[in-house]
Amino acid sequence: MNPAPRVRFAPSPTGSLHVGGARTALYNWLFARRHGGTFILRIEDTDVDRNKPELVDQILEAMTWLGMTWDEGPFRQSERYDLYRQAAERLLSEGKAYRAFETPEELEAARKAAEAQGETFRYSGAGREIPKAESDRRAASGEPFVIRLKMPDEPIVVDDVVQGRAEFPAGVLDDFILMRSDGHPLYHFSVCVDDVAMGITHVIRGVDHLANTPKHVALFRALGAEPPRFAHLGMILGPDGKKLSKRHGAAGAEEFRAQGLLPEALVNFLALLGWSPGEDRERMTMDEMAALFSLERIGPSPSRFDHEKLAWLNGQYLQDVPDARLAELVKPFGVPGSCPDETLLRAIPLQKPRAKTLVELAQGLSSWVADPADWDAAGLKKFGKPANAPLLRTFLARIAAVSPLTHAGIEEAARALAAEAGVKLGDLAQPVRLALTGTLASPPLFEMIEVLGLETTRRRVLALAARIEPEPTPS
RNA sequence: GCCCCCAUCGUCUAGUGGCCUAGGACGUCACCCUUUCAAGGUGAAGAUCGCGGGUUCGAAUCCCGCUGGGGGUACCA
């Protein structure tokens, strides 16, 4: 058996945890769990200009919320500069890398010129020709330089676990920069140095890195290490097929959290974007997924983010959350803390089948807590005819006589009243529902009244009755 | 421009040469249940497997071309 794999998730703190990143993290996590490996968290913060340190905590929190715990780290690349400098020195002394003294301006000009010709700019490799002694002397004299890798003069084959085999011809890649003139390592370099140092065996990341992979392969070899296995994941697109962004509603983990989604649902949904365990399995816990996960079953193509399906899945999960837990979870979404837990606990079982998210649950719960501020216009139009006012009052009188006030008893009274009045039960129930909730949609009415109690019911019903009664003769 | 990748119902996908009259899920529609709305149950519509050529007795599955989409081509990550 192969040694236990070591994988890493390496976000850069230039934004919050995007769902694309969350899915990458998840696949790494799942892979590590599946094979008893190690999941490492590494913060790629070498771009001093674009980093936002405060985002690191946000990313860690999102990871935790999603249930992805890491075994090692978080390591920060900004704290590992010595490592990169040493590696660069070594490459330099081994002749696998060299100093180049062109200024950014010179390079930019050369790039412009090449583009004007309709050609791809590639660094000339001029620095390769500078004798070692001269290079050392110029560096010692303080002349700014970058360190570039000598790319091998042979094609590089990347045998990707999910994207398949890709061959990159020799000569299309130039001698790219490892260390900037200010001494900061560049992404490609710090990544490979760290991957070697951390003993990474499998690199699972987005396809946007596939084209960079030959650089990494060359770098691993220069560093004297066997390149890891690569698995490049297809992009996650918005419903319109464009790159997913806030424009599509939500793109960051904490935005989904704010929308009232459950982490287990989001994680399950994300896992299915590109991976399938086969046998038509869809709903799975993280443990189940971890048991079934394999890189071979990841598809190569990009996928669109379908909010509808996520919502459905979330609704499924929501039904299984114990009511007491739900009572806690829903509180940040606007259910007044003043609502007695007893009411909440009786309302939740009736309300939750009607909710797909915690936000919807909180909305549904609101009418158990507060009298309706207003009545639905369509409802008023349909059931607000003055003749209903006496019906409502009679209804109140009838249920006042029901003792104890059980939903079965209330239903019995309601049915009797409807029969007497010669109307369908719905014609009585709907006005009452409008009075209690302000809307025409709610959980079963009689159970609601049982929980709400006579006082609240009376107050709300009288309010509506007063509203629909004929004006006291304007004349 | 150059290099690389991708392409099955509207969406996520199963499918790795015969089991495919292409399966499941979301969504949609219908019916059932029903005091409303959901949930739930049952069922239906929906994919000439992007297009065109090959290979093969046989292709969604292999090969080539095309088209469309995406990525890379930075002293960004």
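As the structure is a prediction and not an experimental result, all values here were calculated from the model. Labels below follow one simple rule: chain letters A, B, ... track the order of the sequence lines, proteins then strands, and each chain is numbered from 1. Any value given below was found using the heavy atoms of this structure, including those in side chains, with hydrogens, waters and symmetry copies removed.
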| request: May I ask you to say what A:Arg205 touches in the nucleic acid, namely base, sugar-phosphate or nothing, with a heavy-atom cut-off under 4.0 Å? | output: nothing
| task | Indicate yes or no: does A:Glu411 engage A:Arg415 in a salt bridge with an N to O separation below 4.0 Å. | result | yes
| task | Look at the side chain of A:Pro444 and decide which nucleotide, out of B:rA38, B:rU35, B:rC6, has an atom nearest to it. | result | B:rU35
| query | Which value, in whole Å, describes the distance between the P atoms of nucleotides B:rC63 and B:rU55? | reply | 15 Å
| remark: Against the side chain of A:Arg433, the closest entry in B:rG24, B:rC6, B:rU35 is B:rU35
| query | If we take the P atom in both B:rA7 and B:rG27, what is their distance in whole Å? | reply | 26 Å
| message | Can a donor-acceptor pair be found, under 3.5 Å and without considering hydrogens, that links the side chain of A:Ser276 to the backbone of A:Leu272? | response | no
| said: What's the closest nucleotide to the side chain of A:Ser301 if the choices are B:rC5, B:rA38, B:rA7? | reply: B:rA7
| query | Is A:Glu450 salt-bridged to A:Arg346, going by a charged N under 4.0 Å from an acidic O? | reply | yes
| query | Within the structure shown, what part of the strands sits under 4.0 Å from A:Phe176 by heavy-atom distance: base, sugar-phosphate, or nothing? | reply | nothing
| How many Å lie between CG on A:Leu434 and P on B:rC37, as a whole number? | 14 Å
| In Watson-Crick or G-U wobble terms, both distances under 3.5 Å, what is the partner of B:rC2? | B:rG72
| A:Tyr98 ring centre to A:Arg128 NZ or CZ under 6.0 Å, with the angle to the axis within 45°? | no
| message | Of the listed nucleotides (B:rC26, B:rU35, B:rG70), which one gets closest to any side-chain atom of A:Gln430? | response | B:rU35
| said: By the 4.0 Å heavy-atom rule, please label A:Pro214 as base, sugar-phosphate, or nothing. | reply: nothing
| query | Charged N to carboxylate O below 4.0 Å: is that the case for A:Asp45 and A:Arg80? | reply | no
| remark: The ring-ring contact (aromatic ring centres under 6.0 Å, His included) partners of A:Tyr187 (sequence neighbours excluded) come to A:His209
| task | Could you tell me the separation between the CG atom of A:Asp320 and the P atom of B:rA39, rounded to a whole number of Å? | result | 15 Å
| remark: Applying the 3.5 Å cut-off to both distances, the Watson-Crick or G-U partner of B:rA60 turns out to be none
| Quick check: does any side chain N or O of A:Glu360 sit under 3.5 Å from a backbone N or O of A:Lys356, one acting as donor and the other as acceptor? | yes
| task | Hunt down the Watson-Crick or G-U wobble partner of B:rG43, both distances under 3.5 Å, from any strand shown, or write none. | result | B:rC29
| Rounded interatomic separation in angstrom, taking CG from A:Asp240 and P from B:rG70 | 11 Å
| task | Check every atom of B:rC5, B:rC12, B:rG24 against the side chain of A:Asp280 and return the nucleotide holding the closest atom. | result | B:rG24
| task | List the steps and the verdict of side chain to side chain contact (heavy atoms under 4.5 Å, CB included) for A:Phe189 and A:Leu91. | result | CA-CA 11 Å; A:Phe189 189 50; A:Leu91 255 22; 3.8 Å; yes
| message | Rounding to an integer number of Å, can you tell me how far A:Leu244 CG sits from B:rG70 C1'? | response | 15 Å
| request: Using only heavy-atom distances, decide whether a donor-acceptor pair under 3.5 angstrom links the side-chain of A:Glu279 to the base of B:rG24. | output: no
| salt_bridge(A:Asp182, A:Arg180) N-O dist < 4.0 Å | yes
| Mind checking the P distance from B:rC5 to B:rC49? Whole angstroms is fine. | 24 Å
| message | I need the NE2-P distance between A:His232 and B:rC5, as an integer number of Å. | response | 13 Å
| Reckon A:Leu440 touches a base, only the sugar-phosphate, or nothing at all at heavy-atom distances under 4.0 Å? | base
| How far, in whole Å, is B:rU8 from B:rC3 if one measures between their C1' atoms? | 28 Å
| message | Need to verify one output field. Residue with the more 5' nearest nucleotide on RNA chain B, A:Glu447 or A:Pro169? | response | A:Pro169
| query | In terms of side-chain geometry, is the basic nitrogen of A:Arg111 or A:Glu108 positioned less than 4.0 Å from the acidic oxygen of its partner? | reply | yes
| query | What distance, rounded to whole Å, do you find between the two P atoms, one in B:rU28 and one in B:rG72? | reply | 36 Å
| Under 4.0 angstrom, heavy atoms only, what part of the nucleic acid is A:Arg281 near: base, sugar-phosphate, or nothing? | nothing
| request: Can you tell me the pairing partner of B:rC66 across any strand shown, Watson-Crick or G-U wobble, with both distances under 3.5 angstrom? | output: B:rG50
| Side-chain donor or acceptor of A:Arg354 under 3.5 Å from a matching atom on the base of B:rC37? | yes
| Rounded interatomic separation in angstrom, taking CG from A:Leu270 and P from B:rU13 | 11 Å
| said: Any salt bridge linking A:Arg460 with A:Asp371? Criterion: basic side-chain nitrogen under 4.0 Å from a carboxylate oxygen. | reply: yes
| Taking atom P of B:rC37 as reference, at what distance in whole Å does atom CG of A:Asp376 sit? | 13 Å
| remark: Between A:Gln316 and A:Gly299, the residue closer to the 5' end of RNA chain B by nearest nucleotide is A:Gly299
| query | What nucleotide among B:rA14, B:rC6, B:rC12 has an atom nearest to a side-chain atom of A:Gln163? | reply | B:rC6
| request: Find the distance A:Glu360:CD to B:rC37:P and express it as a whole number of Å. | output: 17 Å
| task | Report the nucleotide, chosen from B:rG24, B:rU35, B:rC4, that has the shortest atom-to-atom distance to any side-chain atom of A:Glu282. | result | B:rG24
| task | Please measure how far the P atom in B:rU36 lies from the corresponding atom in B:rG43, and state the result in whole Å. | result | 25 Å
| request: Check every strand shown and say whether A:Gly274 touches a base, only sugar-phosphate, or nothing at a heavy-atom separation below 4.0 Å. | output: sugar-phosphate
Got a list of protein N/O to nucleotides 71-77 of chain B N/O distances below 3.5 Å?
unit_1, atom_1, unit_2, atom_2, d
B:rG71, O2', A:Asp208, O, 3.2
B:rA74, OP2, A:Arg111, NH1, 2.5
B:rC75, OP1, A:Arg111, NH2, 3.4
B:rC75, O2, A:Ser181, N, 2.9
B:rC75, O2, A:Ser181, OG, 2.9
B:rC75, N3, A:Ser181, OG, 2.9
B:rC75, N4, A:Glu102, O, 2.8
B:rC75, N4, A:Pro104, N, 3.4
B:rC76, OP1, A:Arg180, NH1, 2.8
B:rC76, OP2, A:Arg180, NH1, 3.2
B:rC76, O2', A:Asp47, OD2, 2.1
B:rC76, O2', A:Arg50, NE, 3.3
B:rC76, O2', A:Arg50, NH2, 3.2
B:rC76, O2, A:Arg50, NH2, 2.8
B:rA77, OP1, A:Thr46, OG1, 2.9
B:rA77, OP2, A:Tyr187, N, 2.8
B:rA77, O3', A:Glu44, O, 3.3
B:rA77, O2', A:Ser12, OG, 2.6
B:rA77, N6, A:Asn212, ND2, 3.0

| query | Which value, in whole Å, describes the distance between the C1' atoms of nucleotides B:rA22 and B:rU16? | reply | 15 Å
| request: Scan A:Leu273 against the nucleic acid and name what it touches under 4.0 Å (heavy atoms): base, sugar-phosphate only, or nothing. | output: sugar-phosphate
| said: I'd like the P distance from B:rU48 over to B:rU11, given in whole Å. | reply: 12 Å
| task | Check every strand shown and say whether A:Gln319 touches a base, only sugar-phosphate, or nothing at a heavy-atom separation below 4.0 Å. | result | nothing
